[in-house]
Amino acid sequence: MLRRVPVTAALLALLSLLMLVPSIHAATDSDWRSARGFLYPALFGLFVAAGLGTLLRPMSVRETARHELITLLMIWVSLPIVASVPLVLITPSIGTSGAWFEMVAALTTTGGTVFSDHGSVPPSVQLWRGLMGWFGGLLTLLGAYVILAPRRLGGYEVMVAADSLGDDRSVDMRVAGAAFDDRTMRALKTILPIYGGMTAFLAIVFNVLDKPGLSAAVHAMSVVSTSGISSEDGGFAASRSYYAEAVALVFMVLAASRVFYAPAAQVGRKIGWRADPELRMMLVMAGLATAVLFLRHWVGVLTIDVDEIGSTDGFSALWGGFFTSISFITTTGFQSHAWESARDWSGLANPGLILLSLCAIGGGAATTAGGIKLIRAYALLRHGVRELERIAQPHSIAGSGAGPRGLRRQGALIAWTFMMLFILALVGSMLGLTLSGMRFSDALVASVAALSNTGPAFQLIAAEPLGFAVFDAVQHKILAAAMILGRIETLAVIALINPNEWPSRNAT
């Protein structure tokens, strides 16, 4: 029965049911205004979902690949409109444009916010922001494994190139597979227990580590979804706990790796965590960034007497750099409470270029992390190493089998193509923001933060205490478009609008 419900009606009904959670939370706090602000849109949404389910159900047909991509695009465009209704009713000061931007940032797991003072925001709204980030992460995983992976998109085009040397179609919109409903239910049965279990366990651990209930729940949802949403002005670092940050670091790495969710994949080889090139690449790049921040104290120009700095300061600097580096490469964007120590040791007033590079590269394919994706960076690295070998030894023959050769050839080619598309999207976003009156430096940081779905990066790197609240409605729309584009990826958009990739009219 549920499998035959249209996607639009099912998502609207689920979103409406989720509104009841902050409504109940507000009622328990005797915040009746907020409770009504969530309850009324929830009831109306359920009514509309029932109507859409009845109206569209007889018209349902077997969905094509192009229709699935259009559906995925419309999810990121339309769901924030519905999710923003309670914010308009409860916090009218941010306006309709600000409320829509807030929900786009949450559902795309970007995490940017227009709220300049979290203390003045009702707790139920903070819970709603965290819940939408978590729900957006779940939708991202389902979209990756149900829609993008079978069509060799979202990073899987590189993996398939490594698995099938000689196949000249790294992106294929005509790949036959199971029905959309069957793929969705199979992926949901695999992903939801892991995704929900990790969230519940992390919330309990954070609560045990002296985080308040609301803060523990919001930060747990943010870590697992890599959305970087926080309910406190100081962010995740407000607790100033090494233990909480250590637990969060482990779960950020797990959330940005596809190892746990690999059984939901319909294409590509299943690999263990020890052989996962993305996981190794993530740790190596985070380690290099930490080393630059930490070791520059001895090799740079910083005029501080090393003998006057104790081992405690050194550990704080090392931990602050490593945690923040992992947080940014997973596109979560949390800042360690020891980040200031890392900045002092690096001698850099604001090492924003390092953090921007990390979040632009992003996390693993088919995860909630954004950015270019580690598998594409790995393919380009392997190709670059091979080219350097050929310069030194032009007649050398690279071994290691057909898979690595496919990764170095077709995988590197498609990865480079995506990288160019990412840069073009970045330039377009920067151009729109600068024409709207934004400074070039702020436009650069905001565009990278939006396209890589790392919203907290703007507030940290641009040193703007108010974050996205300083922008006007036009700039919010440009950044929201960049967030959606970064979420579904430019390569998927190109495949969607390319007539050569459309299914034929006679295809079933």
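Numbers here are sequence positions counted from 1. What you see is a predicted model, and the numbers here were worked out from it, not measured in a lab.
- From Met430, atom CE reaches atom CG of Leu435 across 11.0 Å, with rounding to the nearest 0.5 Å.
- Thr434 contributes a side-chain N or O that, together with a main-chain N or O of Leu431, makes up a donor-acceptor pair within less than 3.5 Å.
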Working for side chain to side chain contact (heavy atoms under 4.5 Å, CB included), residues Phe115 and Arg129: CA-CA 11 Å; Phe115 292 113; Arg129 292 176 61 239; 3.9 Å; yes
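- Between Trp134 and Tyr195, the distance from one ring center to the other falls under 6.0 angstrom.
- Contact annotation: the side chain of Leu202 approaches that of Phe206 to within less than 4.5 Å [non-hydrogen atoms, C-beta and beyond].
- Atom OG1 of residue Thr454 and atom CG of residue Leu460 lie 11.5 Å apart, to the nearest 0.5 angstrom.
- A distance of 8.5 Å separates OG of Ser97 from CG of Asp472, quoted to the nearest 0.5 Å.
- Atom CE of Met198 sits in a crowded spot, with more than 12 heavy atoms from other residues, nucleotides or ligands closer than 6.0 Å.
- When atom types are taken as modelled, the side chain of Tyr145 and the backbone of Ala366 share a donor-acceptor pair closer than 3.5 angstrom.
- Contact check for Leu358 versus Ser327: no side-chain heavy atoms found under the 4.5 Å cut-off.
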Salt bridge (charged side-chain N to carboxylate O under 4.0 Å, His left out), that's the test. Do Arg240 and Glu245 meet it? Break it down for me. CA-CA 8 Å; Arg240 305 188 65 83; Glu245 291 183 0; over 6 Å; no
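- Under a 3.5 Å cut-off, the side chain of Gln335 and the backbone N or O of Gly235 do not form any donor-acceptor pair.
- Under the 4.5 Å side-chain criterion, counting only non-hydrogen atoms from C-beta, Ser84 is not in contact with Thr96.
- When side chains are defined from C-beta on, Met19 counts as touching Val82, because their heavy atoms get closer than 4.5 Å.
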Mind running side chain to side chain contact (heavy atoms under 4.5 Å, CB included) on Ile478 and Ser429 for me, showing each step along the way? CA-CA 7 Å; Ile478 296 173; Ser429 177; 4.2 Å; yes
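- Rounding to the nearest 0.5 Å gives a distance of 12.0 Å between CZ of Phe47 and CG of Leu12.
- Between Leu279 and Arg258 the shortest side-chain heavy-atom distance does not fall below 4.5 Å.
- Using a cutoff of 4.0 Å between basic side-chain nitrogens and carboxylate oxygens, Glu68 and Arg183 are scored as salt-bridged.
- Under a cutoff of 6.0 Å and an axis angle of 45°, Lys211 and Phe236 form a cation-pi pair.
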Take Leu87 and Trp100, measure what side chain to side chain contact (heavy atoms under 4.5 Å, CB included) needs, and give me the verdict at the end. CA-CA 9 Å; Leu87 297 187; Trp100 177 73; over 6 Å; no
Intermediate values then yes/no, side chain to side chain contact (heavy atoms under 4.5 Å, CB included), Asp442 and Phe458: CA-CA 8 Å; Asp442 290 343; Phe458 176 76; 4.3 Å; yes
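- Taking the six-membered ring where the residue is Trp, Phe471 and His476 present perpendicular rings, their angle passing 60° and hence far from 30°.
- Between Glu232 and His219, the closest side-chain pair of non-hydrogen atoms falls below 4.5 Å.
- Counting only heavy atoms from C-beta outward, the side chains of Leu73 and Ile484 approach each other to under 4.5 Å.
- The side-chain contact (heavy atoms from CB on, under 4.5 Å) search around Ser222 returns Val218, Ser227, Ile229, Phe334, not counting sequence neighbours.
- Proximity of Met103 to Trp128: side-chain heavy atoms (C-beta onward) are separated by under 4.5 Å at one or more points.
- Salt bridge absent: Glu278 and Lys373 never bring a charged side-chain N and a carboxylate O closer than 4.0 Å.
- Between the CD1 atom in Ile147 and the OG1 atom in Thr184 there is a gap of 7.0 Å [rounded to 0.5 Å].
- In this structure, Thr110 contributes its side chain and Gly112 its backbone to no donor-acceptor pair below 3.5 Å.
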Show every donor-acceptor pair shorter than 3.5 Å between a side-chain atom in residues 36-46 and any protein atom, with sequence neighbours excluded, or say none if there are none.
none

